[in-house]
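Chain naming here is simple, since letters A, B, ... match the order of the sequence lines and numbering starts at 1 in each.
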Amino acid sequence: MSDNIDTTEKLEMAKTYDSSLVEGKWYSYWEKKGFFHTEVNKEKQAFSIVMPPPNVTGALHLGHAMDGAIQDILTRFKRMQGYNTLWLPGTDHAGIATQAKVEEQLVKEGTSRKELGREKFIERVWEWKAQYGGRITQQLRRLGASCDWERERFTMDEGCSKSVREAFVDLYHKGLIYRGNYIINWCPKCHTTISDIEVEHVDREGNLYHLRYPVKDSKESLIVATTRPETMLGDTAVAVHPDDERYAHLIGKTLILPLMDREIPIIADDYVDREFGTGAVKITPAHDPNDFEIGLRHHLPQIVVLDKEAKMNENAGKYQGLDRFEARKAVVDDLKAAGVLVKIDPHAHAVGECYRCASVIEPMVSKQWFVKMEPLAKPAIEVVKDGRLQFVPDRFDKIYLGWMENIRDWCISRQLWWGHRIPVWYCEECGAEICSKEDPLTCPTCHTSHLMQDPDVLDTWFSSGLWPFSTLGWPEKTPELKQFYPTSVLVTGRDIIFFWVARMIFLGMEFMNEVPFPKVMIHGLVLDAQGRKMSKSLGNGIDPIEVIEQYGADTLRFMLITGNTPGNDLRFHPERLEATRNFSNKIWNASRYVLMNLEDYEEGPRGELELADRWILSRYASTVEKVTETMENYDLGEAGRLLFEFIWNEFCDWYIELTKPRLYDKEALLARHTAQSVLFEALEGTLRLLHPYMPFLTEEIWQNLPMQGESIMMQTWPEVPAYQDAVAESNMTLLMEAIKAIRNIRAEMKVSPGQKVEIMMLVPDKVQHAVLENGKADILKLAGGASVELFEEMVEKPAQAASAVLEGIEIYLPLKGLMDLDKEIARLEKEISVASLDQEKLEQKLNNSGFTNKAPADVVAKEREKLEGIKARKVALAERLRELKENV
RNA sequence: GGGCGAUUAGCUCAGCGGUAGAGCGCAUCCUUCACACGGAUGAGGUCACUGGUUCGAGACCAGUAUCGCCCACCA
């Protein structure tokens with residue numbers, strides 16, 4: 001036990017649970033005791049999860065909180081089940097985001113990245129990381145995350161960097177990484193390329209400009225339609241469909257490109273859609289992905305007309321220096337003046353925007369590094385198809401496969417400074433390209449030392465794609481890698497399936513020749529109350545830390561996990577926080593009750609179990625079984641719901657109430673001890689079941705129970721006890737039904753709560769009779785009776801009495817002078833009509849020979865039984881009604 | 001242009017082949033020694049629509065509508 005944490009302190013018996021008083025205490029206790037840490041242990045089966053590394057620049061948001069809660073629940077669950085459990089945390093260097101953050105800071109200081117220079121700048125980023133990078137991991141601790149902080153990793157730490165280097169060099173030598181001039185997505189604001197999935201397509205209102213290009217040496221002309229007239233400056237052809245009769249005679253002819261006075265050919269290509277626009281497309285190979293492809297097919301020149309700022313460059317003639325949107329206006333004006341502009345139609349189309357800064361992306365031909373995807377995608381597709389890797393829920397299989405099957409090469413070079421530098425050097429003397437794990441000193445070809453490293457860094461996702469094994473020591477064959485790879489399950493949001501999950505799968509297959517995880521548990525997004533994504537620009541974000549401070553981490557966790565189904569988005573409703581907090585408080589108070597009555601508890605054999613004891617133990621056993629099963633199936637919401645129901649509706653509402661007479665009777669030693677013992681067992685076991693969901697609350701309570709052991713989190717997961725007792729469950733149901741019926745009459749007849757009434761019950765069935773006879777005391781207490789009298793038969797039924805008719809049982813509350821007879825008559829009539837409806841439906845069903853012939857025999861028998869019950873009940877009700885009417 | 005998800009009580013969501021459920025909200029009552037962040041009782045649903053499969057369908061199939069989200073090179 002740690003010096004500054006006193007866990008022997010007696011439970012503060014406050015009526016309301018105050019999470020803020022206990023959460024910090026327990027977290028540092030767990031961490032100091034080393035409960036989160038795992039060593040390799042070949043004797044035990046492993047369970048491992050790698051945490052999706054949040055950006056170092058980030059602050060915890062509700063998405064992280066949900067993601068973390070799920071992983072922590074699974075981790076705590078498996079740890080208690082006895083697995084050698086590792087939840088490996090870490091953060092991501094997040095190239096663009098981090099660089100931008102530090103650049104912002106530099107601007108405030110009146111300097112800039114360029115002024116500082118590359119080396120100094122990177123130093124500054126590391127300083128920044130040292131200072132602020134721990135925020136998000138501290139926040140994860142607030143959530144209760146039981147990850148192994150001793151193994152915390154960072155995508156740019158030494159080990160991960162070594163993995164990145166290894167992976168790059170290996171892929172390079174296999175020919176799976178190449179450099180070349182291709183069309184890429186350029187962000188003019190971030191000044192870097194971004195990959196295809198980092199481009200967000202947004203529908204925008206724009207125009208379709210129709211331009212007339214004159215045919216050389218002819219009076220004819222060709223009208224093309226374009227949404228981006230300024231790119232005409234880089235046109236190197238116009239394409240028409242090969243079978244388009246309108247233009248067949250023009251194919252092979254030459255056009256004069258207006259404004260530029262350049263000659264460009266008319267070519268034929270299948271790509272052209274005859275229906276769209278005029279059926280003639282201007283081709284700008286350097287600035288459009290399709291045009292680029294067409295350009296390759298027809299060997300067209302590529303004329304880049306934009307620079308890195310998306311301003312027109314020297315190839316744009318007099319437009320040089322204009323921003324692309326200014327250039328558009330200028331070009332359109334000039335085209336209009338030249339009589340080339342035929343018309344402008346409004347036209348909505350998708351514009352690519354930078355996922356980060358929302359600038360319009362410029363497709364551009366540029367020399368970049370790419371990962372060749374086809375060979376890597378193949379095994380990554382197979383493992384999902386043959387089930388070696390499964391998405392939970394499985395509908396995400398299709399989404400993943402659809403993407404993987406249509407994947408294009410991955411542009412991995414970024415024009416940033418913060419990130420993993422591309423391990424390629426160019427010889428300034430002979431032009432040789434050297435890719436190596438060790439920094440080369442001389443050129444292997446010409447042996448000079450004039451080498452220059454490629455200035456670019458790698459896409460952040462390249463390093464996170466190696467995360468499941470780079471964090472375990474790869475490329476070294478470490479014991480950790482051996483025990484914990486493949487990891488057991490990956491938990492992440494559906495928004496990064498392509499960015500991250502897919503990359504881990506194909507990189508895992510390539511380097512480990514094994515899936516990185518057999519299961520991927522995909523959860524939805526946390527939306528605001530209106531169902532919108534939470535975002536900075538909308539200002540609708542909720543800070544999980546504020547929620548934790550107000551309601552407690554347990555409440556936040558439970559709320560985020562329950563109330564929806566796996567894979568679906570969750571709307572954030574503050575009212576649900578209150579409801580969940582009330583649940584925490586309910587558990588707290590139920591435990592208070594148990595603890596208050598456990599002061600003199602000593603272990604020892606129980607006396608005879610009462611019905612309620614057998615019932616709650618049976619219900620507890622069934623809860624252990626179902627909770628375990630649903631958790632094994634990753635259905636955490638359902639398991640949470642089961643716990644909620646058991647704790648509140650069964651343990652609190654019924655069992656606790658039923659133990660009171662025994663607990664408050666200090667004379668009945670054995671009976672009291674028995675109740676104590678059962679209460680204790682059910683509560684303690686339930687706390688263990690609940691611990692993964694509500695680690696702090698359960699620890700606080702558990703530490704106050706007369707238990708040996710350092711922490712609930714290190715206890716074993718409950719086995720299903722052999723307490724199942726169908727008889728007890730059905731007898732208890734009968735008793736509860738009777739009590740509820742009496743309560744109902746009292747409420748309906750407006751009998752004041754203080755008013756004790758005589759209760760008479762007609763119970764001909766011997767078994768039922770015995771059950772209710774034994775339950776007399778409970779009925780008195782829970783239904784507010786002055787006396788309970790049971791009859792096997794009743795010659796004369798009480799006249800002025802309200803009644804309830806259950807199946808086989810009639811209950812009478814003589815309320816002479818207290819009741820409104822008309823009201824009671826009306827009540828009975830209503831019940832009879834409801835019963836008649838039920839009877840009618842059942843009879844219809846049973847008269848249907850299709851049903852009786854084809855439905856399973858037990859279903860038919862059950863329906864018959866039901867009908868008999870209803871009939872008998874109806875007879876009793878009618879009888880009762882008749883008697884009452886006679887008395888009016 | 002494809003794909004996915006949602007459509008069930010006023011609200012938020014479970015249920016996924018055998019007579020509709022929870023939480024919140026609402027109504028009435030209750031400050032009894034676990035809890036008013038509570039207890040008791042109750043009201044409230046032709047399970048979006050149309051067909052089909054089945055003895056039987058919120059539940060399975062086909063389609064329609066509305067909303068949301070992904071993906072996509074029609075300039």
Side-chain angles (χ1 to χ4, degrees), chain A residues 13 15-17 197 201 208-209 224-228 231 239 271-273 275-284 288-294 347 349-350 363 393 395-396 398-399 402-403 406 494-495 497-498 524-525 527 529 531-533 551 562-565 567-573 575-576 578-597 637-638 641 644-645 648-649 652-653 656-657 660 664 740 743-748 750-754 782-784 837-838 841-842 845 848-856 859-860 862-863 866 870:
Chain A
M13 290 287 190
K15 280 189 175 184
T16 47
Y17 172 64
I197 44 175
H201 296 272
L208 191 58
Y209 301 85
V224 299
T226 179
T227 53
R228 300 200 54 196
T231 61
Y271 159 76
V272 179
D273 178 354
E275 308 298 316
F276 190 88
T278 61
V281 195
K282 60 189 261 329
I283 302 299
T284 321
D288 181 279
N290 300 307
D291 294 7
F292 178 79
E293 296 294 330
I294 294 174
H347 176 67
H349 62 124
R395 67 182 132 96
F396 289 103
K398 270 175 77 178
I399 293 171
W403 186 74
N406 296 298
R494 55 146 228 263
D495 50 332
I497 293 176
F498 305 145
L525 274 34
L527 307 175
R532 301 171 304 180
K533 266 190 198 174
Y551 294 97
T562 54
N564 79 339
T565 21
N568 285 350
D569 292 346
L570 179 85
R571 288 195 194 193
F572 183 89
H573 279 95
E575 309 88 77
R576 288 200 56 230
E578 283 187 32
T580 311
R581 180 260 264 130
N582 294 351
F583 176 51
S584 307
N585 196 239
K586 189 74 180 177
I587 300 162
W588 174 253
N589 275 291
S591 305
R592 263 182 77 219
Y593 167 81
V594 176
L595 283 162
M596 282 163 55
N597 290 294
E638 175 65 7
R641 216 202 85 237
F644 181 96
E645 283 183 355
W648 203 314
N649 303 337
C652 292
D653 285 352
I656 282 186
E657 294 309 317
K660 283 179 179 176
Y664 293 151
K740 280 196 267 191
R743 283 170 170 172
N744 172 269
I745 299 173
R746 295 183 58 119
E748 297 268 309
K750 303 228 184 288
V751 178
S752 71
L782 296 184
L837 265 175
D838 288 348
K841 269 193 229 160
L842 273 171
K845 200 169 183 181
N848 178 351
S849 59
F851 174 71
T852 45
N853 291 338
K854 295 193 183 176
V859 173
V860 178
K862 226 166 106 187
E863 299 294 296
K866 238 188 267 174
I870 287 171

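- The aromatic rings of W588(A) and Y17(A) are tilted relative to each other, their planes meeting at an angle between 30° and 60°.
- Base pairing annotation: G42(B) forms a Watson-Crick or G-U wobble pair with C26(B), both donor-acceptor distances under 3.5 Å.
- Here, G15(B) and A75(B) have their C1' atoms 49 Å apart, quoted to the whole Å.
- Note on R581(A): a base of the nucleic acid sits closer than 4.0 angstrom, heavy atoms only.
- If you check every strand for non-hydrogen atoms under 4.0 Å, G279(A) touches a base.
- Heavy-atom distances to RNA chain B give each of G850(A) and I197(A) a nearest nucleotide, and the one nearer the 5′ end belongs to G850(A).
- Atom P of nucleotide C30(B) and atom CG of D653(A) are separated by 20 Å, given to the nearest angstrom.
- Here the shortest heavy-atom pairing between F396(A) and I497(A) reads CD2-CD1, 3.6 Å.
- Among the atoms of the strands shown, none is found under 4.0 Å from any heavy atom of K282(A).
- You'll find that the side chain of K845(A) is closest to G18(B), out of C73(B), C69(B), G18(B).
- Separating the CD atom in E578(A) from the CG atom in N585(A) is a distance of 12.0 Å, to the nearest 0.5 Å.
- In this structure, R228(A) and K282(A) approach most closely via the heavy-atom pair O-NZ, 4.1 Å.
- Nucleic acid contact class of A225(A) (heavy atoms, under 4.0 Å, all strands): base.
- Ranking A75(B), C69(B), C71(B) by closeness to the F498(A) side chain, first place goes to C71(B).
- Contacts of D569(A) with the nucleic acid, taken as non-hydrogen atoms under 4.0 Å apart, are absent.
- A 3.5 Å limit on both hydrogen-bonding distances identifies C4(B) as the Watson-Crick or G-U partner of G68(B).
- Within the shown strands, nothing qualifies as a pairing partner of G56(B) under the Watson-Crick or G-U definition with both distances less than 3.5 Å.
- Across all strands shown, C49(B) pairs with G63(B); the Watson-Crick or G-U wobble distances both stay below 3.5 Å.
- Contact annotation for K862(A): no contact, since no heavy-atom pair falls under 4.0 Å across all strands.
- Here the separation of U8(B) from G58(B), taken at their C1' atoms, is 6 Å to the nearest Å.
- Summarising the base pairing, U19(B) is matched to no nucleotide, lacking a Watson-Crick or G-U wobble pair whose two defining distances lie under 3.5 Å.
- Here the closest heavy-atom approach between residue D569(A) and residue N564(A) is recorded as O-ND2, 3.3 Å.
- At the heavy-atom level, T227(A) lies under 4.0 Å from the strands shown only through sugar-phosphate atoms.
- Nucleotide C73(B) forms no Watson-Crick or G-U wobble pair with any nucleotide shown, as no partner meets the under 3.5 Å limit on both distances.
- As a whole-Å value, the separation of E863(A) CD from G56(B) C1' is 10 Å.
- As a whole-Å value, the separation of R743(A) CZ from C30(B) P is 16 Å.
- When heavy atoms are screened at a 4.0 angstrom cut-off, G563(A) is found touching the sugar-phosphate backbone but no base atom.
- Nucleic acid contact class of T852(A) (heavy atoms, under 4.0 Å, all strands): none.
- In this structure, the CZ atom of R532(A) is 23 Å from the P atom of A6(B), given to the nearest Å.
- Remark: F276(A) CZ to L208(A) CG distance equals 5.0 Å, nearest 0.5 Å.
- Base contact: Y271(A) has a heavy atom under 4.0 Å from a base atom.
- Counting non-hydrogen atoms under 4.0 angstrom, P289(A) reaches nothing in the nucleic acid.
- G58(B) shows a glycosidic angle within 90° of 0 and is accordingly assigned syn.
- Comparing N564(A) and G531(A) by the nucleotide of RNA chain B whose heavy atom lies nearest to each, the residue mapping closer to the 5' end is N564(A).
- A225(A) and T278(A) make their closest contact through N-OG1, 4.0 Å (heavy atoms, listed as atom of the first residue, atom of the second, distance).
- In this structure U31(B) sits in no base pair that meets the Watson-Crick or G-U test at under 3.5 Å.
- Nucleic acid contact class of K586(A) (heavy atoms, under 4.0 Å, all strands): base.
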